[in-house]
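Report on the following structure.
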Amino acid sequence: MHNLKVLRKNFEHFKKSIEKRTVDINFDDLLRLDKENREFIQKKESLENEKKIISKSKDKSLFEKSKKISTEIEEINIKQKKIKSELDVILSNIPNIPHEDVPNGKDENDNIEVSKSGNTPTFDFKPKSHYELGENLEMLDFDLATKTTGSRFVFVKNKLALLERALSNFMLDIHTLQNGYQEISPPLMALENTMFGTGQLPKFENDQFELKIDKGSGRKFLIPTAEVILTNMVKDKIVNQNDLPMRFVASTPCFRKEAGSYGKDTKGMIRQHQFYKVELVSIVEQDNCLDELERMTNCAIKILDLLKLPYRKIILCSGDMGFSAEKTYDLEVWLPSENRYREISSCSSCSTFQAVRMKARYKDRKNDTLYVGTLNGSGLAIGRTLIAILENYQQKDGSIIIPKALRPYMNDLEIISTK
RNA sequence: GGAGAGAUGGCUGAGCGGUUGAAAGCACCGGUCUUGAAAACCGGCAAAGGGGCAACUCUUUCCUGGGUUCGAAUCCCAGUCUCUCCGCCA
């Protein structure tokens, strides 16, 4: 969320920056409501001041007047609150401003490749898709999941279940032991306000699974990514500058409705309602966001390198970035069956955008209170990594060679086959 | 599920109708001392919002929402959360 006070000062610049994103915001309403809101505040404050003076004087002859002022304040208050909530609706639906590094563009076609690694594998046979491979091995069962749960779920069985678990452990070990992240095993549910903090609400409510709980203790949602719960670890806090940067990693299931993607990736486990993901989150001093983004992206890249998976790094254009991001790198892994790269990680700096929503701050050396910077990135999406291994390491007979780095996590198993 | 206790600044913790935005301690920042550091001593230090170029000033905030009162951190009601004990349970 943007700080209104800052926004007011550089309004034209703000307006121009935000137009790089394909969103439609009523700036006139925003300005008008802001003005009205402040007028009401001024009226209210001068009356409150008057009342306070009477109360302090303890002059009984003025008590009646004070009562009258109270009712007047109440009337203004109601109006002001209404204006303020209208203002908040507009404000909370405005996305972050793209950083100046970010290329201008409309959609994914305008993203720019930054680098490419390794060679894509060549096969002397026609490579199969991950779901063919998995079903032939009898280790991915989509039909069973449809029967028990519905579409976009899967049963992962046998050695592939082991592979899934191994990937999670492997990635966590790299990030905790080599990359300096603290491992967290967080709740998989979040309150409405927590979801607001990272920007999933109010705008993207349709993508979230809401839980039906009869108690009146606030709405609860399944997390669509561990970013939500890890980033909110500093919600409503003023942390010490010495405690920054904070780096957290968690491997969790993620739950998404995928509401806008009917008919997209319906086959296989590319796009599921539930999937595992290892998530990296950094809380940093606000000026260190972009450095941290490079660092974080490299941490994710390290996993791909160790697994020897071919990938490329792209920078997202302004129109393709997520709501809270100021700058995003996607890592895309090569999928032989599709003959193209597919997203396996997305690393974003959110500048102070989420921090303002969460009220997450720190004291700097001058004792000023500043908003923290927040970053999140996948390191990596487990499901898609599993897919990438199946497809890139497949053999002619349908067996899968296990990448060397993973074997210690799989009881030294070297190959997955039906035998 | 039953029975109690509590929620105050970055943290610990006093206050229980009127200079209390809030004692004290810790942490943090500045200074004296020291070759440097520590210790000791002195000083500073809540947040949000409004007005002002600024110095500054005003308002709100002691879990949340209502209520009583000229006046509420303090009294009343409702809710949320936390802790302790009992029961149940992975």
Side-chain angles (χ1 to χ4, degrees), chain A residues 1-11 30-92 185-197 211 213-221 229 232-246 253 283-286 352-373:
Chain A
M1 194 148 72
H2 300 285
N3 190 330
L4 243 184
K5 229 191 317 195
V6 178
L7 193 151
R8 212 180 279 141
K9 270 186 190 158
N10 313 300
F11 191 73
L30 185 69
L31 282 182
R32 178 179 55 80
L33 290 167
D34 178 43
K35 186 160 165 277
E36 287 178 12
N37 182 45
R38 283 185 294 157
E39 283 166 1
F40 279 126
I41 287 172
Q42 282 170 45
K43 264 188 219 163
K44 189 168 77 172
E45 287 187 353
S46 73
L47 288 171
E48 276 165 345
N49 186 238
E50 204 176 327
K51 204 177 139 185
K52 203 169 182 175
I53 289 165
I54 293 174
S55 161
K56 274 196 177 160
S57 74
K58 298 183 197 171
D59 180 346
K60 281 186 185 160
S61 68
L62 294 172
F63 286 178
E64 270 310 308
K65 190 180 176 198
S66 178
K67 276 191 178 178
K68 268 190 197 135
I69 292 173
S70 291
T71 59
E72 205 175 333
I73 288 175
E74 198 42 49
E75 280 165 25
I76 293 172
N77 207 16
I78 289 166
K79 287 184 198 160
Q80 190 262 329
K81 274 188 177 163
K82 189 167 164 278
I83 299 283
K84 182 66 176 28
S85 74
E86 284 176 45
L87 191 58
D88 283 341
V89 167
I90 295 181
L91 211 52
S92 58
S185 175
L188 304 179
M189 302 177 193
L191 293 171
E192 185 175 15
N193 187 252
T194 306
M195 299 281 281
F196 176 84
L211 292 149
I213 299 175
D214 14 53
K215 283 249 293 211
S217 64
R219 302 170 73 191
K220 280 191 178 69
F221 298 83
I229 202 88
N232 274 283
M233 284 171 74
V234 290
K235 173 176 155 64
D236 289 322
K237 277 180 89 160
I238 300 180
V239 299
N240 220 303
Q241 188 173 26
N242 299 332
D243 296 331
L244 301 177
M246 293 161 109
I283 313 294
V284 301
E285 291 172 40
Q286 49 177 245
T352 58
F353 186 82
Q354 294 178 322
V356 173
R357 295 177 153 244
M358 294 188 299
K359 299 186 175 60
R361 291 157 293 179
Y362 67 102
K363 295 255 192 211
D364 73 354
R365 276 176 244 293
K366 283 182 283 179
N367 244 357
D368 287 335
T369 307
L370 303 171
Y371 286 106
V372 299

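Naming: A, B, ... by sequence-line order, numbering from 1 per chain.
The shortest heavy-atom contact between A:Tyr362 and A:Gln286 is OH-N, 3.3 Å. Nearest heavy-atom pair across A:Arg357 and A:Phe196 is NH1-O, 2.7 Å. Contact between A:Asn232 and A:Gly197 at its shortest, heavy atoms only, is OD1-CA, 4.2 Å. When all heavy atoms are compared, the tightest approach of A:Lys363 to A:Gln241 is O-CB, 3.1 Å.
Of the side-chain N and O atoms in A:Asn367, none sit less than 4.0 angstrom from OP1 or OP2 of B:C28. Contact check, A:Arg38 against B:G49: no side-chain N or O comes under 4.0 Å of OP1 or OP2. Taking 4.0 angstrom as the limit, A:Lys51 places a side-chain polar atom (N or O) nearer than this to OP1 or OP2 of B:G71. The side chain of A:Lys67 places no N or O atom within less than 4.0 Å of a non-bridging phosphate oxygen (OP1 or OP2) of B:G71. A close approach under 4.0 Å does not occur between any side-chain nitrogen or oxygen of A:Lys363 and OP1 or OP2 of B:C28.
For A:Asn240, the listed nucleotide lying nearest its side chain is B:A27; candidates were B:A27, B:C70, B:G66. Distances from the side chain of A:Thr369 to the nucleotides B:U60, B:A47, B:G51 place B:A47 closest. Comparing B:G49, B:A48, B:C58 by their closest approach to the side chain of A:Arg361 singles out B:A48. Minimum atom distance to the side chain of A:Asn49 is reached by B:U59, of the listed B:U59, B:G66, B:A27. Looking at the side chain of A:Ser55, the nearest of the listed nucleotides B:C58, B:G71, B:U60 is B:G71. Of all nucleotides listed (B:A27, B:C70, B:U59), B:C70 comes nearest to the side chain of A:Ser66.
Look at B:A23: it lacks any Watson-Crick or wobble partner with both distances under 3.5 angstrom. B:G1 is paired with B:C86 under the Watson-Crick or G-U wobble criterion, all donor-acceptor distances under 3.5 Å. The partner of B:A46 is B:U61, by the rule that a Watson-Crick or G-U pair needs both atom distances under 3.5 Å. Under the Watson-Crick or G-U wobble criterion, with both distances below 3.5 Å, B:C16 has no partner in any strand shown. Of the nucleotides present, none pairs with B:U35 by Watson-Crick or G-U wobble criteria with both distances under 3.5 Å. Here B:G6 sits opposite B:C81 as a Watson-Crick or G-U wobble pair (both hydrogen-bonding atom distances under 3.5 Å).
If you check every strand for non-hydrogen atoms under 4.0 Å, A:Lys60 touches nothing. Note on A:Lys52: only backbone sugar-phosphate atoms sit closer than 4.0 angstrom, heavy atoms only; bases stay farther off. A:Ile238 comes within 4.0 angstrom of the backbone, heavy atoms only, and of no base.
Of the charged side-chain nitrogens involved, none lies within less than 4.0 Å of a carboxylate oxygen, so that A:Lys43 and A:Glu39 do not count as a salt-bridged pair. Comment: A:Arg32 engages A:Glu36 in a salt bridge, judged by a side-chain N to carboxylate O separation of less than 4.0 angstrom.
Taking atom C1' in both B:A48 and B:A38, one finds a spacing of 38 Å when rounded to whole Å. Between B:U69 and B:U74, the distance separating the two P atoms is 16 Å to the nearest Å. Comparing B:C28 with B:U12, their C1' atoms sit 15 Å apart, to the nearest whole Å. For the P atom pair drawn from B:A27 and B:A22, the interatomic distance equals 23 Å after rounding to whole Å. Nucleotides B:U60 and B:U19 have their P atoms positioned 14 Å apart, rounded to a whole Å. Straight-line distance between the P atoms of B:C62 and B:C11: roughly 15 Å, to the nearest whole Å. With C1' as the reference atom, B:A24 and B:U84 are 28 Å apart, rounded to whole Å. Using P as the reference atom, B:G44 and B:A37 are 23 Å apart when rounded to the nearest Å.
Heavy-atom nearest nucleotides on RNA chain B were determined for A:Asp368 and for A:Glu64, and the one closer to the 5' end corresponds to A:Asp368. Looking at which nucleotide of RNA chain B each of A:Ser46 and A:Asp364 is closest to, the 5′-most match is held by A:Asp364.
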(request) Quick one: do A:Lys51 and A:Ser70 satisfy side chain to side chain donor-acceptor pair (under 3.5 Å)? Show the steps, please. (result) CA-CA 8 Å; A:Lys51 204 177 139 185; A:Ser70 291; 3.0 Å; yes

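What separates CG of A:Asn37 from C1' of B:A48 is a distance of 13 Å, to the nearest Å. Computed from coordinates, the A:Ile73 CD1 to B:C70 C1' distance equals 12 Å when rounded to whole Å. One can place OH of A:Tyr371 at 11 Å from P of B:A47, the figure rounded to the nearest angstrom. Note: CG (A:Leu87) to P (B:G49) measures 12 Å, nearest angstrom. If you take CG of A:Asp236 and C1' of B:G9, they are 14 Å apart, rounded to a whole angstrom. Spacing between atom NZ of A:Lys58 and atom P of B:A72 amounts to 13 Å, rounded to whole angstrom units. Taking atom NZ of A:Lys359 as the reference point, atom C1' of B:U61 lies 12 Å away to the nearest angstrom.
Under the 4.5 Å side-chain criterion, counting only non-hydrogen atoms from C-beta, A:Asn3 is not in contact with A:Thr352.
For A:Glu45 and B:G49, a side-chain-to-base donor-acceptor distance below 3.5 Å is present, hydrogens and geometry of angles not being considered.
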